[in-house]
Amino acid sequence: MARPELKNFRRIVVKVGSSLLVDSEAGEVKASWLAALVADLAKLHYERRDVLIVSSGSIALGRSRLKLPRGPLKLEESQAAAAVGQIALARIWSEVLGAHGIGAGQILVTLQDTEERRRYLNARATIAKLLEWRAVPVINENDTVATNEIRYGDNDRLAARVATMASADLLILLSDIDGLYDAPPAQNPDAKLIPVVETVSSEIEAMAGAAGSDLSRGGMRTKIEAARIATTGGTHMLIASGKIEHPLRAIAEGGRCTWFLTPANPVTARKRWIAGSLEPKGTLTIDAGAVRALRAGRSLLPAGVIRVDGQFARGDAVVVRGPDTDEIGRGLVAYDAEDAEKIRGRSSPDVMMILGISGRSEMIHRDDLVLGGTRLAEST
Ligand code: GLU
């Protein structure tokens with residue numbers, strides 16, 4: 001299967017590991033690396049995609065601020081270190097995103113928050129509201145209260161859970177390794193990177209060693225578990241190196257990484273996004289023939305539109321209503337309101353004449369359309 005392209009994703013969770021973010025010698029955040037990453041994130045944000053960050057680093061930063069000796073920490077020590085580090089971490093994200101005019105919202109979750117339905121729905125509603133307000137959620141485990149038996153411990157699986165909770169269509173794990181290899185690359189110079197994993201099979205699981213670095217808890221194993229969580233929940237995942245500057249730009253340009261594909265049709269994920277996450281900017285009222293065509297799986301053509309309401313731009317979400325004003329569905333409209341008004345009720349050749357361009361002829365392409373009956377149960 002071909003590898004997907006970054007530009008097609010609408011809601012992206014980016015997980016940043018401690019060892020990328022925190023310089024273990026200096027004990028401080030790597031400022032210029034972070035600035036470059038945030039420039040990439042800001043680009044996505046201003047392309048009107050939803051961006052969520054899962055950031056590790058609280059324990060690593062805390063231990064350096066507290067000048068704790070190297071070596072493993074006891075649970076209560078890492079909890080206390082996280083208490084100090086998380087404040088610093090939140091401030092850093094708030095400042096670096098703020099420099100791009102983007103608000104950051106801190107969310108600290110525990111395992112129960114993602115596993116108990118009521119709490120899950122709560123956390124999800126908060127995330128949805130932040131995204132609606134165009135703020136970027138910055139998420140970490142609430143390490144100060146999470147005890148051994150009841151915690152994630154690694155942010156790979158946490159990020160996967162958050163991604164499915166937020167109905168994200170892509171999770172990016174930025175790591176100190178550029179993807180999954182068929183053998184441990186450190187010991188094996190012939191090890192090959194696997195560009196696309198279609199199913200997280202037991203063979204794939206066997207390729208994951210247990211190695212983690214000093215600062216980060218997750219090795220390849222937790223990343224493969226994350227891939228399983230994400231892909232069964234309808235979210236594509238990829239592992240890429242975060243050790244370079246502008247890691248997201250590198251992915252967009254086709255750089256090395258491993259994709260884990262969700263078996264759910266990507267259109268479904270996109271439709272879930274259309275149905276569940278957008279504020280409609282206008283309404284198209286269509287005739288009975290167009291209602292039948294849509295229900296038969298076709299696109300909405302200008303000829304079937306009898307009325308255009310609202311101020312929308314090309315690519316905005318609009319509500320589609322039938323002649324009796326019942327909502328039929330929602331979709332991303334291919335024309336802005338002014339052009340839509342000019343071409344409504346007209347046949348495709350007329351549309352070309354009126355607008356003087358030979359653009360797409362659909363008002364809403366069927367891939368961009370979600371009918372009422374097919375809306376996913378977002379409230380479960
Ligand atoms: N939640 C931990 C922290 O912020 C990190 C877990 C991980 O490295 O995956 O320090």
Side-chain angles (χ1 to χ4, degrees), residues 13-24 26-30 33-34 37 52-68 70-94 96 104-115 123 137-163 165 171-177 208-230 237 239-243:
V13 177
V14 178
K15 182 255 173 178
V16 183
S18 303
S19 61
L20 295 175
L21 197 60
V22 182
D23 179 334
S24 58
E28 275 308 321
V29 158
K30 296 176 191 159
W33 176 85
L34 181 60
L37 171 69
L52 298 90
I53 298 165
V54 173
S55 175
S56 307
S58 69
I59 299 173
L61 265 181
R63 72 186 293 162
S64 80
R65 302 248 157 147
L66 290 161
K67 304 195 170 33
L68 302 180
R70 282 173 178 262
L73 296 176
K74 295 201 195 85
L75 177 65
E76 66 274 20
E77 290 171 340
S78 49
Q79 289 180 316
V84 173
Q86 186 61 40
I87 290 184
L89 194 60
R91 171 166 176 200
I92 288 162
W93 279 111
S94 161
V96 291
Q106 174 179 253
I107 302 184
L108 298 178
V109 292
T110 60
L111 190 67
Q112 294 98 311
D113 291 328
T114 60
E115 303 311 295
V138 179
I139 301 155
N140 195 0
E141 185 161 18
N142 194 348
D143 289 311
T144 55
V145 296
T147 59
N148 261 341
E149 315 73 65
I150 50 156
R151 69 181 194 143
Y152 280 95
D154 68 88
N155 275 359
D156 295 325
R157 292 175 309 136
L158 174 78
R161 204 71 171 92
V162 164
M165 173 159 85
L171 165 63
I172 299 176
L173 297 184
L174 291 181
S175 166
D176 45 15
I177 184 160
S213 67
D214 250 14
L215 284 178
S216 65
R217 304 184 58 91
M220 194 48 77
R221 183 152 303 170
T222 56
K223 292 183 177 46
I224 299 297
E225 281 176 42
R228 190 184 285 289
I229 296 168
M237 188 183 104
I239 301 175
S241 172
K243 288 209 309 209

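First listed ligand is number 1; within each ligand, the first listed atom is number 1. Here the structure is a predicted model, which is why all the values come from computation and not from measurement.
- Contacts with ligand 1 closer than 4.0 Å are made by heavy atoms of both the backbone and the side chain of Ser58.
- Atoms of ligand 1 found under 4.0 Å from any heavy atom of Asp143, numbered from 1 in the order shown, are 1 (N), 2 (C), 3 (C), 4 (O).
- Counting heavy atoms from C-beta on, the side chains of Val109 and Ile139 come closer than 4.5 Å.
- Both the backbone and the side chain of Asn155 come within contact range of ligand 1, each with a heavy atom under 4.0 Å.
- Taking every heavy atom of Ile59 and a limit of under 4.0 angstrom, the matching atoms of ligand 1 come to 3 (C), 10 (O).
- With sequence neighbours excluded, the residues satisfying salt bridge (charged side-chain N to carboxylate O under 4.0 Å, His left out) with Arg157 are Asp154, Glu225.
- One distance of note links CG of Leu21 with CG of Leu89; it measures 6.0 Å at 0.5 Å rounding.
- Residue contacts with ligand 1 include Gly57, since one or more of its heavy atoms lies under 4.0 Å from the ligand.
- Separating the CG atom in Leu158 from the OG1 atom in Thr222 is a distance of 11.0 Å, to the nearest 0.5 Å.
- Ranked by closest heavy atom to atom 4 (O) of ligand 1, the top entry among Leu89, Asn140, Leu21 is Asn140.
- Taken from CD in Gln106 to CD1 in Ile53, the straight-line distance is 12.0 Å, to the nearest 0.5 Å.
- In this structure, Ser94 has no side-chain hydrogen bond (donor to acceptor under 3.5 Å, both in side chains) partners at least two apart in sequence or on a different chain.
- Using a 4.0 Å heavy-atom cutoff, Ser18 is listed among the residues neighbouring ligand 1.
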